[in-house]
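Shown next, in structure tokens, is the structure this report addresses.
Please read all numbers here as calculations on a predicted model, not as lab measurements.
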Protein chains: 2
Amino acid sequence: MRGYGQYCPVAKAAEVLGERWTMLIVRDLMEGAHQFNDLYAGLPGISRTLLSQRLRRLQADGLVERRNGAARPGYWLTALGLDLQPAIFALGEWAVRNYGHDPKRDELHPEVLMLWIERHVQRDALPPGRYVVRFEFRGARPPRAWLVVEDRTPTVCHDDPRFECDLVVSADIPTLHRVFAGRLAVSAALREGSLVLDGTADERRRFTRWFGLSPFAPAARALAG
Amino acid sequence: MRGYGQYCPVAKAAEVLGERWTMLIVRDLMEGAHQFNDLYAGLPGISRTLLSQRLRRLQADGLVERRNGAARPGYWLTALGLDLQPAIFALGEWAVRNYGHDPKRDELHPEVLMLWIERHVQRDALPPGRYVVRFEFRGARPPRAWLVVEDRTPTVCHDDPRFECDLVVSADIPTLHRVFAGRLAVSAALREGSLVLDGTADERRRFTRWFGLSPFAPAARALAG
DNA sequence: CAGTATCCTCGAGGATACTG
DNA sequence: CAGTATCCTCGAGGATACTG
């Protein structure tokens, strides 16, 4: 995107963030995605070429840096990029306030939703060692997914990992999304039966602690009243 | 712009605001531009066709409505559009915090700067009747412009209106911009002589009251210390 | 796993001329 | 003053195949 040739703060922000996908990449980096393939999985429709290009542009603009030193190399927001948090949050809150309703059927990819859930798992609430949860989507395709935790690090699997499951979570995708988004309380979903937990009483209780909600859940909750 | 097919608040916001020019159009509407030609003048580089298209899209998305009833028909933000103010402001503040320095020479159009100044004039501080101020840009092209006020309504003229001037403001464009942006206090500019006011003592004093700064001036000032 | 190189398409938007 | 219609260009990005 060419610049606007206007020395206006809003124009400058639009210049850096205005290209297609860029804001979503920043959002994903904020929510804990750092590897190329992790980012790629969270952006259905983008091509690998384009993601690569956008990441290079973000590096050139100083919002993102590639860290090679760590155990797993990856992309991280710089201080400049992290400083965008309040602004991106304000944009999201605007959308929540005004468009918070009726997700269209084809806007709910089970894979992406599971990725978001994975990214927001409350790690401290997870048990040590291996921990496996199966999600049953009730008629969606794919019909199920697994959240496999090893040493408090969750990973979504779409193929049966063939481990014993500590808990089974059953809900259709819209319900699971409404819960994640904070528009339906876990307790209310359990009560009405749109969300069903299958496991020991301890595990069912533990779910409410490790299952993290969207950062926009408080805003959505505030709307509901 | 096609949507992202993701039911995420940030994606939704990016969908509505992410097209080139759209955010700047919203910004201009927030700052008091309402007529097609007024918007057009504030967006150097856009084509009339594209502006028209973007305005139609903004109407379809519910951010803008066309009001035909008023004395001058024009485009106005709806409640949905106005609700974007905090988010757009946060984006601008991010840019001010991080890119607040070194405007490039060709990013400072005298015409656009004068338009911004016109839009932020403090009307209550203007005298009734006709009031005319000439701006001398010291070597820029065009070299001067007039702010003609009739009944507290300011209009920028780039051709000599042939009225007597109540005040002459001399400053090069970068200085005038720094003052408008809040990065150089009027008092400091006057002291160092980069801004010169020519008129009666009363008129010179009045200038500091009607000359309004950018909405981002407080953020810029805060940076300066 | 994390990208890059190459080719090709198609649609956004510029230029120009026009209108109520 | 406030746009619209038409034509045409060019460059963003998809598809595909490839690599350290």
Side-chain angles (χ1 to χ4, degrees), chain A residues 1-5 14-25 28-29 33-61 64-76 111 115 118 153 155-159, chain B residues 1-5 14-25 28-29 33-61 64-76 111 115 118 153 155-159:
Chain A
M1 177 174 291
R2 308 172 304 281
Y4 291 103
E15 219 169 291
V16 176
L17 291 173
E19 274 187 322
R20 187 161 163 79
W21 296 111
T22 298
M23 208 140 82
L24 296 195
I25 294 170
D28 284 0
L29 289 165
H34 299 289
Q35 267 68 54
F36 187 90
N37 281 345
D38 195 10
L39 289 162
Y40 181 65
L43 301 168
I46 202 174
S47 72
R48 296 176 74 78
T49 311
L50 192 50
L51 174 56
S52 158
Q53 204 169 298
R54 288 290 186 271
L55 283 167
R56 261 180 284 132
R57 165 58 74 92
L58 281 165
Q59 287 173 83
D61 285 338
V64 168
E65 62 184 355
R66 184 164 172 88
R67 292 197 196 151
N68 290 309
R72 300 191 69 186
Y75 301 90
W76 296 76
E111 293 91 341
L115 205 56
E118 173 194 308
T153 300
T155 312
V156 173
C157 294
H158 293 283
D159 299 313
Chain B
M1 176 175 291
R2 308 172 303 282
Y4 291 103
E15 219 169 291
V16 176
L17 291 173
E19 274 187 322
R20 188 162 163 80
W21 296 111
T22 299
M23 207 140 82
L24 297 194
I25 294 170
D28 284 0
L29 289 165
H34 298 289
Q35 267 69 52
F36 187 90
N37 281 344
D38 195 9
L39 289 161
Y40 181 66
L43 301 168
I46 202 174
S47 72
R48 297 176 75 77
T49 311
L50 192 50
L51 174 56
S52 158
Q53 205 169 298
R54 289 289 186 271
L55 284 167
R56 261 180 285 131
R57 165 57 74 92
L58 281 165
Q59 287 174 83
D61 285 338
V64 167
E65 61 183 356
R66 185 165 171 86
R67 291 197 197 151
N68 291 308
R72 301 192 69 186
Y75 301 91
W76 296 76
E111 294 90 342
L115 205 55
E118 174 195 308
T153 300
T155 312
V156 173
C157 294
H158 293 283
D159 300 312

TODO: Working to the nearest 0.5 Å, report the span between CG of A/Asp61 and CZ of A/Arg54.
DONE: 11.0 Å

- [ ] Mind calculating the distance between CG (B/Leu51) and C1' (D/dC1) to the nearest angstrom?
- [x] 14 Å

Task: Structure string for DNA chain D in dot-bracket form, Watson-Crick and G-U at under 3.5 Å, | interchain - done: ||||||||||||||||||||

Open item on the list: If you only use heavy atoms from C-beta on, which nucleotide in C/dA2, D/dA2, C/dG13 is closest to the side chain of B/Gln35?
Closed with: D/dA2

TODO: Keeping the roles fixed (side chain from B/Arg20, backbone from A/Tyr4), state whether a donor-acceptor pair exists under 3.5 Å.
DONE: no

Open item on the list: Reading DNA chain D from 5' onward, which residue's closest nucleotide shows up sooner: A/Leu50 or B/Arg72?
Closed with: B/Arg72

Open item on the list: Rounded to whole Å, how long is the line connecting atom CZ of A/Arg57 with atom C1' of D/dG11?
Closed with: 14 Å

Task: Nearest-Å distance for atom pair CD/P, residues B/Glu19 and C/dG13 - done: 6 Å

Open item on the list: Test of understanding: with side-chain hydrogen bond (donor to acceptor under 3.5 Å, both in side chains), list the residues that count as partners of A/Gln35, not counting sequence neighbours.
Closed with: none

- [ ] Could you check how far CG of B/Asn68 sits from C1' of D/dG3, rounded to whole Å?
- [x] 13 Å

TODO: Could you note down all residue pairs passing salt bridge (Lys or Arg N to Asp or Glu O under 4.0 Å) where residues 34-47 of chain A supplies at least one of them, sequence neighbours left out?
DONE: A/Asp38-A/Arg119

Open item on the list: I'd like to check the side chain to side chain contact (heavy atoms under 4.5 Å, CB included) partners of B/Asp159; sequence neighbours left out, ordered by chain and number.
Closed with: none

Task: Under the side chain to side chain contact (heavy atoms under 4.5 Å, CB included) test, residues paired with B/Thr153 that sit two or more places apart - done: B/Arg123

Task: d(CZ, B/Arg20; C1', D/dG11) in whole Å - done: 13 Å

- [ ] Return the set of residues passing side chain to side chain contact (heavy atoms under 4.5 Å, CB included) with B/Phe36 (not counting sequence neighbours), or none when no residue passes.
- [x] B/Arg48, B/Leu51, B/Ser52, B/Leu55, B/Tyr75

Task: Protein-nucleotide distance (B/Trp21, atom CH2; C/dA12, atom P), rounded to Å - done: 18 Å

Open item on the list: Measuring to OP1 and OP2 of D/dG3, would you say a side-chain N or O of B/Arg56 lies under 4.0 angstrom away?
Closed with: no

Task: Spacing between A/Tyr4 atom OH and C/dG13 atom C1', to the nearest angstrom - done: 13 Å

- [ ] Mind checking salt bridge (Lys or Arg N to Asp or Glu O under 4.0 Å) for A/Glu111 and listing every partner two or more places apart, or none if nothing turns up?
- [x] none

TODO: Among the candidates D/dT4, C/dG13, C/dG3, find the nucleotide nearest to the side-chain atoms of A/Ser52.
DONE: C/dG3

Task: Residues in side chain to side chain contact (heavy atoms under 4.5 Å, CB included) contact with A/Thr155, at least two apart in sequence or another chain - done: none

Task: Rounded distance (Å) that lies between atom C1' of D/dA2 and atom OH of B/Tyr75 - done: 7 Å

TODO: Give a yes/no on whether any side-chain N or O of B/Arg66 is located under 4.0 angstrom from OP1 or OP2 of D/dG3.
DONE: yes

- [ ] Scan residues 36-49 of chain B against DNA chain D and write down, sorted by residue number, each residue with any heavy atom closer than 4.0 Å; if none is found, say none.
- [x] B/Phe36, B/Asn37, B/Arg48, B/Thr49

